[in-house]
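In what follows, a single structure is set out as structure tokens and then discussed.
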Protein chains: 2
Amino acid sequence: MYNDYKTKLTQFYNRDRRMPTYSEMMKLFGFKSKNAVARLVDKFIEEGIVSKDYLGRLIADTSFDSIPMLGSVKAGFPSDAEELKDTINIDDYLIAKKDNSYMLTVDGDSMIDAHIADGDMVLVEKTNTAKDGQIVIANVDGEFTMKYFRKDKENKVWLEPANKDFKPIYPKMYLNITAVVKAVIRKY
Amino acid sequence: MYNDYKTKLTQFYNRDRRMPTYSEMMKLFGFKSKNAVARLVDKFIEEGIVSKDYLGRLIADTSFDSIPMLGSVKAGFPSDAEELKDTINIDDYLIAKKDNSYMLTVDGDSMIDAHIADGDMVLVEKTNTAKDGQIVIANVDGEFTMKYFRKDKENKVWLEPANKDFKPIYPKMYLNITAVVKAVIRKY
DNA sequence: AGTATATGTGAACGAGCGTTCACAGTCAAG
DNA sequence: CTTGACTGTGAACGCTCGTTCACATATACT
């Protein structure tokens, strides 16, 4: 019964991306009084799955936006996966600077040995500097490409593919870094 | 000036994960009257970056939760990347059944030829059925592993690694599918 | 200069908010 | 059966909400 309420609350949040008001919870839970809701909310708060802001409005705990984080594949699924408290929010996990992040689609297999395949998506952060060894999006002599960024002791810079069928790219005119790759995402 | 307001609104939303009230916007924008806010909000609505719910409270447009989606790597960065309207929310993009999704860490290189490397994270959906060719988490004779799921015409099932150094796994006692891999995520 | 348009101020308003009270019904333990 | 703890009802309260006035100030155009 009590868990039904939690389920309904979660469903509401997933649908509307916000917590319901007390009136909405009355309908949602089937109560005819806001007081019944208030008592229930107190339990939610005690349990720590929600909290209140400075005006008394409900705030969802981070777990509402997250999915359970299990251990390694070898460890497999715990018998009661629902009980696990460790959760992760993919957006927060991947995106550090939201205002500066972009998604790109990979075409070509020049980075295949780094396990970035044709059709994968990459999350990048815009910048014009990079460290040796980072994967970057760069503009070399007018053409955009994604490669390993290389810089030696004499500050000579070039790009290196992760595919033995491709050759390193040495800029003729210029090599401008546009962004660094922060994550790779592949969907099946 | 007007864009400053949008920036501040975005910052507020990113920090608090909700839209500010009119009073909060007064402080946020430096107004001394709620009416000034109301006029500004009307413009936001006209522009389509926010809307209102049935109670008049502000709702963030989906773009607030998303990051810009550019084209392919070869196309590179458009000269004015800010102007692009195509955005994507990583969570929504990847997660179809939230209540049924889990994250696991990959250990080992048995799927390396499918470009899933040691240390990568996989997003999985719990299920006990799979189609031939899908990547699954399975319990084979008591041990959990991630492999290609195979099923031939006679309904014989086994697991196949994506690494020529590993051999296919034929169950002695049982092969229980636990989850199917929906996405791979690698963070740098 | 004069006028129209846009932008901000200040005050008032009704509505819905979350809170709190007294009270009735339910259920289990003594 | 009685008692006490728990749970839900119904009504009232103060508060902040978003809305909407009339009015002042700034900006732009003729």
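Letters A, B, ... mirror the listed sequences (proteins, then strands); counts begin at 1. Excluded from the calculations below are hydrogen atoms, water molecules and symmetry mates; all remaining heavy atoms, backbone and side chain alike, are included.
Mapping B/Tyr54 and B/Ser33 onto DNA chain C by nearest heavy atom places B/Ser33 closer to the 5' end of the strand.
Within the 4.5 Å cutoff, no side-chain heavy atoms of B/Lys147 are placed close to those of B/Val136. Contact annotation: the side chain of A/Val106 never approaches that of A/Met121 to less than 4.5 Å [non-hydrogen atoms, C-beta and beyond].
Side-chain atoms of A/Asn128 never come within 3.5 Å of backbone atoms of A/Thr178 as a donor-acceptor pair (strictly under, hydrogens ignored). A donor-acceptor pair is defined here as one N or O able to donate and one able to accept, closer than 3.5 Å; no such pair exists between the side chain of B/Asp109 and the backbone of B/Ile112.
With sequence neighbours left out, the ring-ring contact (aromatic ring centres under 6.0 Å, His included) criterion links A/Tyr13 to A/Phe64. Taking the ring-ring contact (aromatic ring centres under 6.0 Å, His included) definition, one finds that B/Phe31 meets it with B/Tyr5, sequence neighbours left out.
Minimum interatomic distance between B/Pro20 and B/Met25 (heavy atoms only, all atoms of both residues): CG-CG, 3.5 Å.
If you check every strand for non-hydrogen atoms under 4.0 Å, A/Lys34 touches a base.
The stretch residues 16-32 of chain A comes close to DNA chain D through A/Phe31, A/Lys32, each having a heavy atom under 4.0 Å from the strand. Listed in residue order, the members of residues 36-43 of chain A having a heavy atom less than 4.0 Å from DNA chain D are A/Ala36, A/Arg39, A/Lys43.
Atom pair B/Leu55:CG and C/dG16:P shows a separation of 7 Å (rounding to whole Å applied). Atoms CG (B/Asn35) and P (C/dG8) sit 10 Å apart, rounded to a whole Å.
The side-chain hydrogen bond (donor to acceptor under 3.5 Å, both in side chains) analysis of residues 113-122 of chain B, with sequence neighbours excluded, yields the pairs B/Asp120-B/Arg186.
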Between A/Lys74 and A/Ser72, is a side-chain hydrogen bond (donor to acceptor under 3.5 Å, both in side chains) present by the stated rule, with each step listed? CA-CA 5 Å; A/Lys74 276 182 185 164; A/Ser72 72; over 6 Å; no
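Nucleotides of DNA chain D that come within less than 4.0 Å of any heavy atom of chain B span, from the 5' end to the 3' end, D/dC17 to D/dA22.
For A/Lys187 and B/Tyr93, the positive end sits near the middle of the six-membered ring, less than 6.0 Å away and at most 45° from its axis.
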